[in-house]
Student: 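Sharing a structure here in C-alpha cells format.
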Number of protein chains: 2
Amino acid sequence: MTSLPSGRRAPRGSLSAAATRRVERPAPLRQAVYDALLELIINRTLAPGQHLVEAELAEYLGVSRQPVREALQRLQTDGWVDLRPAQGAFVHTPTEEEADQLLAVRSVLETYSAKLAAEHATAADVKLLRKLQKAGEEALGTANVERLVKANADLHAAVAAIGRNKVLSEMIGLVDRRVRWYYTPIARPRSRDSWNEHAELVTAIADGDAERAGEVMHRHAEQTRQTYHDRKSPESSTKSD
Amino acid sequence: MTSLPSGRRAPRGSLSAAATRRVERPAPLRQAVYDALLELIINRTLAPGQHLVEAELAEYLGVSRQPVREALQRLQTDGWVDLRPAQGAFVHTPTEEEADQLLAVRSVLETYSAKLAAEHATAADVKLLRKLQKAGEEALGTANVERLVKANADLHAAVAAIGRNKVLSEMIGLVDRRVRWYYTPIARPRSRDSWNEHAELVTAIADGDAERAGEVMHRHAEQTRQTYHDRKSPESSTKSD
DNA sequence: ATACAGCTTTTCGTATGCAAAAAGCACTTC
DNA sequence: GAAGTGCTTTTTGCATACGAAAAGCTGTAT
C-alpha cells in the first residue's frame, strides 16, 4: 500500500516532516526509576540519611537491581544521595553550609540567566512569561504550597530557556531543584514579595533591559537566601503563614 | 563447562595486545573505568562522534560490561558522551554554540569564584597562589603545552578552593575540564597575556579586593572566550602570540 | 558486667545470561 | 539497474548469579 503521490503536487519530502517527529521511544527503565526515586526523595517519603537498599527498592518498584543501581548512581552525581563504597546509598542530608552555597551559586547563575533573557526575549517569550506570572499570582490565592512552588519553578525555568544557553539552563535546573528541596519544607513565607519581584523581573525582561533584569534577579535570589537564613536563627519559625 | 576460574579472568586483548590497559583492582571499578575512559576521550584516542561499544571497551580494559555501563552513564551526565537509547554511547561532539555557552557559564562562575577567593584568602592561600603562578611562568618558558594547560587548571582550581564554596568548586571543575577539552587542541596563542592576567588576579586576591578580583577574572575569562572565537575566523588576527 | 573475638548475616560489587531493538546485508522484484 | 523487503547480525537493556566486604550478633573470658 505504497500509494505515494509521485506525480501530483506532492512535495518530494513528504516523509521528512514525519521523520523529524521521533516515534515513541521505549523509555529506558533507569530513567523511570530515577524519576520515581527522585520523587520519593523530594516528597520526603525517603528521609534524609535513610539507607537505601537496592534489593528493597527493586522489589518495591517491580524491577531488578540493575536499573535501580544505575538510577542511584545518577542520583549521586546530581547530589541527591551519597553512595558510600561497599555500603550502599543514603539519602543525602543537606547541611546548613551546603544549602547556603547552593543558594549562592543559584544567585549567580540566575542573575546571568536573567540578563541573557532580557537580551534574547521575543514577543512570544514575554507573552509566556506574563502567562506564568499570572498563573503564579493565581496560585498565590489558593494557598496551595505545592502549586506555588511549581509555578515558581516554571517561571524560573522559562527565563532560563529564553536565555538560549542550554548549558546554563541545565545547570540552573539541577541547582534549583535541590534548592527547592531544602527550601520547600519551610517555604511558607515570602510568597507575596516573591511574586512582586517576579513581576518586576518580567517587566525588565520585556523592556530588554539586561542590566536591570540582572539586578532584579540578583536581589530576588539574595532575598530568598536571606529568608532561608532568617528562618534558622530566630525562634519565630512559626510566624503567621 | 563450569570450569571457569572463580577469580579474575585474563583479558584476550584485541585492541591492544601489547599493553593491556587494566584498571586498578581494589578501588571501585566504575570509578577507575570512568577515569580511564575520560582520559581516552580527552586525549582524543576516542574521537568525537565515535561509537563506543560496551563489549569492546570492557575487553580492552579487562573488566566486564557492567562497570563500563556505569561509567558511560556518568560520562553522559557530565557531558562527555551522548547515550542514545537502545543504540549506545557516542563520544560527544562539541558544537561551536555549545563551546561558547560553556565559556560563558565558565566566565560567570569563575568571576564569582574570584570574588569569594578575595574575601576568604589567608596568607597561606596567597602563598600557594604565588607558587602556582610561578610554576605557570616557568611552564611558559618550556613551551610545553600540556604542562601549561595543567598549570592553568591548577591555578583556577586553587582559586575556586580558596572561595570555600564546594558546590561552586565542583561545578567549575566540570565546566573547566570540558572547556579545556575544546580549547586545548587550539591552545597555542595567548599564553603570555593569560599569565599576566593571572598575576594581576593573584594580586587582587592578595589585597582582598573582591571587586577588583572579580573584574580581573571576568576580563580574563572573556578574553579567553574571545580568543576562542578569533581562532575560527583565522586570518583576522595577525597578532604575534 | 563489659569488652573482645569469631562467626553469621546482610548487602554491595562484579560477572554472566538472555531477550528485544536497531542496524546492516542480501535477496527479490519491477 | 534501482528500490523495496525480509532476514541476519550486532548491540543494547534488563535480569540473575556469585563472590567479597562490611555490619551485626553471640558467646566467652576477664
Student: Nearest to the B:Q66 side chain among D:dA15, C:dC12, C:dA22, which nucleotide is it?
Tutor: D:dA15

Student: Taking atom P of D:dT16 as reference, at what distance in whole Å does atom CD of A:E54 sit?
Tutor: 15 Å

Student: Report the nucleotide, chosen from D:dT12, D:dA17, C:dT11, that has the shortest atom-to-atom distance to any side-chain atom of A:R65.
Tutor: D:dA17

Student: As a test of understanding, state which of A:F90, A:W181, A:Y182 forms a ring pair (Phe, Tyr, Trp, His ring centres under 6.0 Å) with A:W80.
Tutor: A:W181

Student: What is the distance, rounded to the nearest whole Å, between atom CD of A:Q31 and atom P of D:dT12?
Tutor: 19 Å

Student: Starting at atom CG of B:D82, determine the distance to atom P of D:dT12, rounded to an integer number of angstrom.
Tutor: 15 Å

Student: Looking only at side chains, do A:Q66 and A:E70 share a donor and an acceptor under 3.5 Å apart?
Tutor: yes

Student: Please give, in whole Å, the distance from D:dT12 P to B:Q73 CD?
Tutor: 12 Å

Student: Counting any heavy atom closer than 4.0 Å, what does A:Q87 reach on the DNA or RNA strands: base, sugar-phosphate only, or nothing?
Tutor: sugar-phosphate

Student: Please report the distance, rounded to the nearest Å, between CD in B:E70 and C1' in D:dT12.
Tutor: 15 Å

Student: Could you give the CZ-to-C1' distance, from A:R84 to C:dG13, as a whole number of Å?
Tutor: 17 Å

Student: Using 4.0 Å as the upper bound for N to carboxylate O, is an ion pair formed by A:E119 and A:R164?
Tutor: no

Student: Are more than 12 heavy atoms from other residues, nucleotides or ligands located less than 6.0 Å from atom CD of A:E59?
Tutor: no

Student: When you measure from the side-chain N and O atoms of B:R69 to the phosphate of D:dG13, is any distance below 4.0 Å, counting only OP1 and OP2?
Tutor: yes

Student: Which is true for A:L83 with a 4.0 Å heavy-atom rule: it touches a base, it touches only sugar-phosphate, or it touches nothing?
Tutor: nothing

Student: Which residue, A:V63 or B:H51, contacts DNA chain D at a nucleotide closer to its 5' end, judged by nearest heavy atom?
Tutor: B:H51

Student: Just how far, in rounded Å, is P of D:dT16 from CD of A:E59?
Tutor: 12 Å

Student: Looking only at atom types and distance, does a side-chain atom of A:H156 sit under 3.5 Å from a main-chain N or O of A:A151, one as donor and one as acceptor?
Tutor: no

Student: Name the closest nucleotide to the B:P67 side chain, picking from D:dA15, D:dT12, C:dA15.
Tutor: C:dA15

Student: Need one value for A:L52: base, sugar-phosphate or nothing, where a base atom within 4.0 Å counts as base even if backbone is also close, heavy atoms only.
Tutor: sugar-phosphate

Student: Report the residue (A:R30 or A:P85) whose heavy-atom-nearest nucleotide on DNA chain D is the more 5′ of the two.
Tutor: A:R30

